[in-house]
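Computed from a prediction, not measured in an experiment: that's the story for all the values here. Below, all heavy atoms of this structure are taken into account, side chains as well, without hydrogens, waters or symmetry copies. To find a chain, count down the sequence lines: A is the first, B the second, and so on, and within it residues start at 1.
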Amino acid sequence: MEIAHHTGHAPAHGPRGITRWITTTNHKDIGTMYLVFSATMFFVGGMMAMTIRMELFQPGLQLVAPDVFNQLVTMHGLIMVFGAIMPAFVGFANWQIPLMIGAPDMAFARMNNWSFWLLPPAALLLTGSFLAPGGATAAGWTLYAPLSIQQGPGMDLAIFAIHIMGVSSILGAINIITTVLNLRAPGMTLMKMPMFCWTWLITAFLLIAVMPVLAAAVTMLLADRHFGTHFFSAAGGGDPVLFQHIFWFFGHPEVYIMILPAFGIVSQVIPTFARKPLFGYASMVYATAAIAILSFFVWAHHMFTTGLSLGAQLFFMYATILIAVPTGVKVFNWVATLWRGSITFETPMLFALGFLFVFTIGGLTGLICAIVPVDVQLQDTYYVVAHFHYVLVAGSLFALFAGTYYWLPKWTGHRYDERLGQWHFWCSMIFFNVAFFPMHFLGLAGMPRRIPDYALQFADFNVISSLGAFGFGLSQLLLLAAIVKCVRGGEPAAPRAWDGAQGLEWLVPSPAPHHTWEQPPRLP
Amino acid sequence: MDSVASANRRTLVKLGLASAGMFGFGFALAPLYRTFCRLTGFNELGGAGDGARDVAADRSRSVRLEFDANLRLPGWELRPLQTSVTAHPGEPVQARFLLRNLGPRAAIAQAVPSYAPAGAAPFLTKLECFCFARQALAPGEARELFVTLVVAPGLPAEVPVVTLSYTLFEVEGPAPLGRAS
């Protein structure tokens with residue numbers, strides 16, 4: 001191995017200290033910064049969730065004023081989507097894609113530095129908007145007009161933050177597509193790529209297609225607020241429903257942007273610990289592409305109660321139900337990969353299996369919400385809150401946890417504390433379900449979302465839900481402890497950290513040296 | 001490496017253009033949406049007959065509309081300025097009425113329409129009508145009023161004549177904005 005003489009994690013040359021991180025163009029450094037950033041935002045957004053659940057612990061208003069509650073709900077959503085989940089996946093892409101395809105770095109290393117360093121200012125704008133007169137935006141993470149037109153200056157800060165994060169995402173997506181298309185090692189055809197690279201390639205195309213549309217939507221919002229236009233304000237002949245159409249034209253592909261890379265991570269982890277190749281690789285690729293394409297034709301299922309015509313409701317209902325087919329293909333492929341495998345249950349595998357189990361519940365409640373007459377009942381209730389937390393927390397987040405434990409030995413050169421990891425999994429899994437499963441019942445009983453107070457009959461389930469949420473929040477300190485402990489030391493990890501692991505990233509030493517694949521690997 | 005660098009540049013340009021194009025598409029959605037809704041009627045709220053549909057007039061037949069007025073308000077006068085109008089279904093029709101307060105006091109009145117035959121009512125679409133608003137008149141004041149309506153082409157052919165009759169009632173409450181009483 002010609003790169004074996006690089007053993008240190010730090011660069012052998014170049015600036016040291018903070019300047020190293022500000023000026024770095026190394027994909028591993030940038031990946032680390034993305035992961036640290038998203039973990040920070042995850043805890044910031046998590047604190048907001050804890051405050052929300054404290055307020056909802058009992059009926060009546062105890063802790064925060066109703067407008068502050070609305071701000072917390074809005075910012076929790078924005079921060080978790082744009083600050084935690086999306087940058088975390090970009091961090092994984094930065095670290096892993098060049099390693100997995102045998103490329104020395106990302107295609108545009110300097111632009112890569114830019115796409116990361118746009119994020120902290122955006123996060124400052126977003127979190128700092130709590131200090132603006134009138135507080136942060138309280139229009140919900142969907143920023144629906146006309147409410148978002150009427151908000152205070154906190155809304156403008158959120159709009160600018162979304163602009164900046166949008167630019168960051170687009171630059172990141174361009175970088176990933178170019179890297180995957182142009183920098184693969186000789187012999188690695190597209191259909192030989194690891195599944196994680198495939199899912200990210202498709203995700204990056206989705207980002208390029210829809211992040212600019214979100215930017216256009218919030219720009220029009222900004223113009224309506226300050227420049228006298230009336231795109232969305234009915235008083236001037238605009239149409240508030242148009243905002244919802246544009247937002248969800250972005251928003252539905254966006255939810256797949258947050259889940260497809262998770263599918264990719266799970267597709268790496270499950271074969272490793274089942275010690276079998278991924279079942280149905282080609283069908284996985286086609287299913288991912290099908291999900292991505294279909295995501296452009298289902299947006300109005302978020303809008304069934306806006307007075308859509310019957311024809312439109314039927315179209316969007318059937319198109320949405322159709323997505324269950326490629327998603328089902330993926331779920332069955334994972335199950336078939338497990339079939340007769342020599343399965344072991346290390347932490348990454350536990351999270352991947354947890355993902356498989358709980359994400360599928362979330363997918364099925366999504367199908368229930370896709371049915372128009374049911375959705376008319378469930379729209380804006382806690383059932384919807386339960387549904388999207390099942391797919392976003394138990395889906396995206398659990399996959400991120402699985403990927404973190406899976407690749408930590410490669411990143412740090414140490415094995416993480418397996419006991420800590422197992423505790424983290426079981427606490428997360430149990431408390432997640434305690435927190436979110438009762439929300440299905442609350443939603444079916446008609447408890448509306450985004451309201452700080454509720455009717456007395458909802459009190460018991462809300463207590464259970466809040467206790468589960470506090471438990472889930474505290475469990476994440478175990479993740480922090482496991483990561484910190486692993487970074488600081490531990491049992492040294494072999495280059496191939498898992499005996500069933502396949503792929504180029506396991507051919508380089510652990511920790512991965514600062515520069516890898518300067519000469520492209522020769523594929524068997 | 002040069003070939004990789006130039007391939008990267010080409011990919012960058014293509015993807016950059018695609019992003020810029022999608023940014024423009026986001027704005028284009030506003031007019032596209034409006035056009036789409038107009039062409040398909042997708043976002044039109046309410047059922048048929050709530051607004052003026054751009055339908056072709058049925059010139060193969062004519063319908064005679066007769067106008068009539070009754071009073072439940074002593075000392076006032078409401079009468080049509082034409083007894084009947086003949087029109088093709090689908091054509092807008094306007095009829096004029098004269099309203100006078102001949103009594104000693106100011107009052108507020110509103111007209112309520114009725115139809116004969118009653119089954120014709122769903123086919124008479126009033127675009128604008130004095131019966132939509134309350135009328136406040138001072139003693140001795142007179143006002144010319146009008147109704148604009150369209151007979152829907154769906155009106156059964158066996159109904160050649162429709163009578164539109166208004167009955168004037170006194171109503172309670174404040175005068176409508178901007179009208180002296």
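Across all their heavy atoms, F231(A) and A223(A) have their closest contact at CE1-CB, 4.4 Å. Nearest heavy atoms, R79(B) versus A69(B): CA-CB, 4.3 Å.
If you measure heavy-atom distances from F249(A) to chain B, the contacts under 4.5 Å come from the side chain alone. For a residue to count as touching a neighbouring chain, one of its non-hydrogen atoms must lie under 4.5 Å from one of that chain's; by this rule L242(A) touches chain B with backbone and side chain alike. Proximity to chain B is absent for every atom of F250(A), based on heavy atoms less than 4.5 angstrom apart. Heavy atoms closer than 4.5 Å to chain A are found in both the backbone and the side chain of F27(B). For A217(A), no part lies near chain B; criterion is any non-hydrogen pair under 4.5 Å. For R10(B), no part sits under 4.5 Å from any heavy atom of chain A, backbone or side chain. Contacts of M111(A) with chain B are made by side-chain atoms alone, with heavy-atom separations under 4.5 Å and no backbone atom involved. For F232(A), no part lies under 4.5 angstrom from a heavy atom of chain B.
A donor-acceptor pair shorter than 3.5 Å can be found between the side chains of R143(B) and Q135(B). Looking at H301(A) and T320(A), their side chains do bring a donor and an acceptor atom within 3.5 Å of each other. No hydrogens or angles considered: nothing links the side chains of D68(B) and T163(B) as a donor-acceptor pair under 3.5 Å. No side-chain N or O of N112(A) forms a donor-acceptor pair with one of T25(A) less than 3.5 Å apart. In this structure, a donor-acceptor pair under 3.5 Å is absent between the side chains of E66(B) and S84(B).
The most heavy-atom pairs under 4.5 Å with chain B, out of I177(A), I170(A), T178(A), come from T178(A). Highest contact tally toward chain B, considering only T179(A), N182(A), L171(A), N175(A), is held by N182(A) [criterion: heavy-atom pairs under 4.5 Å]. Ranking T219(A), L181(A), L214(A) against chain B, the residue ahead of the rest is T219(A), based on heavy-atom pairs under 4.5 Å.
Taking the six-membered ring for Trp, F130(B) and F146(B) have ring centres at least 6.0 Å apart.
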